[in-house]
2 protein chains.
Amino acid sequence: MSDPIRSENLLYLTDEQLRQGIEAMYFAYRGFTADPDRILESMAYGRAHHRAIHFIHRAPGTTVTNLLDILGVTKQSLNRVLRTLIEDGLVESRVGTSDRRERNLFLTEDGTALERRLSDSQRARMRTAFREAGPEDVAGFRRVLEAMMEGEMKRQYLSLRESGK
Amino acid sequence: MSDPIRSENLLYLTDEQLRQGIEAMYFAYRGFTADPDRILESMAYGRAHHRAIHFIHRAPGTTVTNLLDILGVTKQSLNRVLRTLIEDGLVESRVGTSDRRERNLFLTEDGTALERRLSDSQRARMRTAFREAGPEDVAGFRRVLEAMMEGEMKRQYLSLRESGK
DNA sequence: TTGGAGTGTCAACAAAGCTGACGTATTGTG
DNA sequence: CACAATACGTCAGCTTTGTTGACACTCCAA
């Protein structure tokens with residue numbers, strides 16, 4: 001308070017600003033998941049299925065263990081989801097070529113179609129939000145989110161980011 | 001592609017950019033909830049308890065119905081959480097003064113202490129992220145998140161925002 | 001050939017959502 | 001005043017998605 005320049009610089013770090021940031025994350029995340037949730041609830045699927053489909057699409061041929069690392073759930077939890085997706089013909093599990101213990105996961109044609117339907121709805125909302133805000137704000141959005149990730153997750157995010165062209 | 005100026009302006013709206021935004025939201029949200037989750041798991045509580053505590057702290061004296069609207073869950077779901085919090089002496093439920101059918105919810109001293117512990121950890125992460133990014137980025141972060149909310153949730157977010165000084 | 005890693009399955013359970021139905025106290029209205 | 005509506009709590013039962021523990025199979029590598 002004794003230094004007006006310094007305190008003005010830090011006004012965006014007041015507890016009230018931080019709390020608004022927290023609430024913004026909470027309400028925005030609900031919006032973020034709302035569209036895919038509506039599609040999924042009409043089928044027998046939930047968010048867990050969506051996450052699996054998303055990352056298999058993103059990294060085709062990924063192994064079960066790798067998916068476990070990305071999703072941060074237990075093998076049993078993922079396996080239950082994966083089993084229904086395989087039974088329903090959305091995901092294909094191929095025995096690994098170099099290491100035959102591993103299973104490489106791929107989306108089938110139907111799986112790809114569902115992935116597109118889900119991500120279209122989510123991208124549409126993201127696109128609207130991005131367009132409404134503008135490129136500068138989007139850059140800030142990205143930088144703040146990246147700074148909010150935990151170390152290991154950030155590593156995974158960045159490595160996915162690099163692999164995506 | 002025929003108009004380089006127009007296409008450069010819209011480069012931040014490519015599908016790859018949008019997908020990275022989606023993944024950033026996913027991984028950042030996990031970081032966002034990680035600290036309170038660690039505190040809560042040591043007790044018998046979960047995220048649902050955290051949300052109730054947060055919004056009771058934010059709007060002391062709020063009614064059950066109002067909390068239901070904010071959290072978007074069913075009465076039974078909220079009631080289960082609320083009951084344990086009241087039993088454990090973290091939340092107090094007072095009969096309404098003007099309308100005795102209503103229950104006004106308040107945090108007790110213990111409840112306030114837990115709220116502080118939880119929000120301190122979450123604010124610390126938010127503060128670090130905000131500081132790392134800077135005020136411009138934080139403004140962008142906020143604008144994009146607000147544009148991502150659904151109508152009703154955005155209304156609630158803004159009304160909470162106004163009530164907070 | 002044997003130990004360990006990767007994978008999958010079974011059983012049992014918990015947290016936290018949901019629906020539907022019902023009871024009670026209170027309030028507002030005809 | 002009588003009755004409908006509201007706010008709240010609760011019972012029963014179901015779903016999804018997470019958990020732990022135990023165990024079997026395949027296969028690679030030392």
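Order of the sequence lines sets the chain letters (A, B, ...), proteins ahead of strands, with each chain counted from 1.
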Check your understanding: Taking only residues two or more places apart in sequence, or in another chain, which ones meet B:Arg83 in a salt bridge (Lys or Arg N to Asp or Glu O under 4.0 Å)?
Key -> none

Revision key, fill the gap. In whole angstroms, the gap separating C1' of D:dA7 from CG of B:Asn66 amounts to 13 Å

**Study point:** For atom CD1 of A:Ile86 and atom C1' of C:dT9, their distance in whole Å
**Key:** 13 Å

Check your understanding: Taking for each residue the nucleotide of DNA chain D with the nearest heavy atom, is it A:Val73 or A:Arg101 whose nucleotide lies nearer the 5' end?
Key -> A:Val73

Check your understanding: Within the pair B:Ser77 and C:dC18, is there a side-chain N or O less than 4.0 Å away from OP1 or OP2?
Key -> yes

Practice item. Check for a donor-acceptor pair, side chain of B:Gln122 on one end and backbone N or O of B:Phe32 on the other, with a separation under 3.5 Å. Key: yes

**Study point:** Distance, rounded to the nearest Å, where B:Leu82 contributes CG and C:dA16 contributes P
**Key:** 13 Å

Exercise for review: Compare side-chain N and O positions of B:Thr74 against OP1 and OP2 of C:dG17 and report whether any pair is under 4.0 Å apart.
Suggested key: no

Practice item. Report the distance from atom CG of B:Leu71 to atom P of C:dA16, rounded to the nearest whole Å. Key: 13 Å

**Study point:** Counterpart residues, ring pair (Phe, Tyr, Trp, His ring centres under 6.0 Å), relative to B:Tyr157 (two or more places apart)
**Key:** none

Review point. What is the nucleic acid contact for B:Arg80, judged by heavy atoms within less than 4.0 Å: base, sugar-phosphate only, or nothing?
Key: base

Exercise for review: Show your working on side chain to side chain contact (heavy atoms under 4.5 Å, CB included) between A:Leu82 and A:Ile56 and close with a plain yes or no.
Suggested key: CA-CA 11 Å; A:Leu82 229 38; A:Ile56 294 173; 4.1 Å; yes

Review point. How long is the line joining CG of B:Leu68 and C1' of C:dA16, in whole Å?
Key: 15 Å

**Study point:** Position toward the 5' end of DNA chain D (nearest nucleotide), B:Ser93 or A:Val95
**Key:** B:Ser93

Review point. So, is B:Arg83 close to the D:dG9 phosphate, meaning a side-chain N or O under 4.0 Å from OP1 or OP2?
Key: no

Exercise for review: Write down the distance between CZ (B:Arg100) and C1' (C:dT24), rounded to a whole number of angstrom.
Suggested key: 13 Å

Exercise for review: For B:Glu41 and D:dG18, give me the distance from atom CD to atom P, rounded to whole Å.
Suggested key: 15 Å

Review point. Is any side-chain nitrogen or oxygen of B:Asn79 closer than 4.0 Å to OP1 or OP2 of D:dC8?
Key: no

Practice item. Give a yes or no on whether A:Met43 and A:Leu118 share a hydrophobic cluster (residues Ile, Leu, Val, Met, Phe, Trp, Tyr; joining criterion: side-chain heavy atoms under 4.5 Å apart). Key: yes

Review point. Could you state the CD-P distance from B:Glu102 to C:dT26, rounded to the nearest angstrom?
Key: 13 Å

**Study point:** Most 5' of A:Gln76 and B:Gly46 on DNA chain C, judged by nearest nucleotide
**Key:** A:Gln76

Check your understanding: Mapping A:Lys75 and B:Thr97 to their closest nucleotides on DNA chain C, which lands nearer the 5' end?
Key -> A:Lys75

Review point. Within the structure, does a side-chain N or O atom of B:His49 lie under 4.0 Å from either OP1 or OP2 of C:dA16?
Key: yes

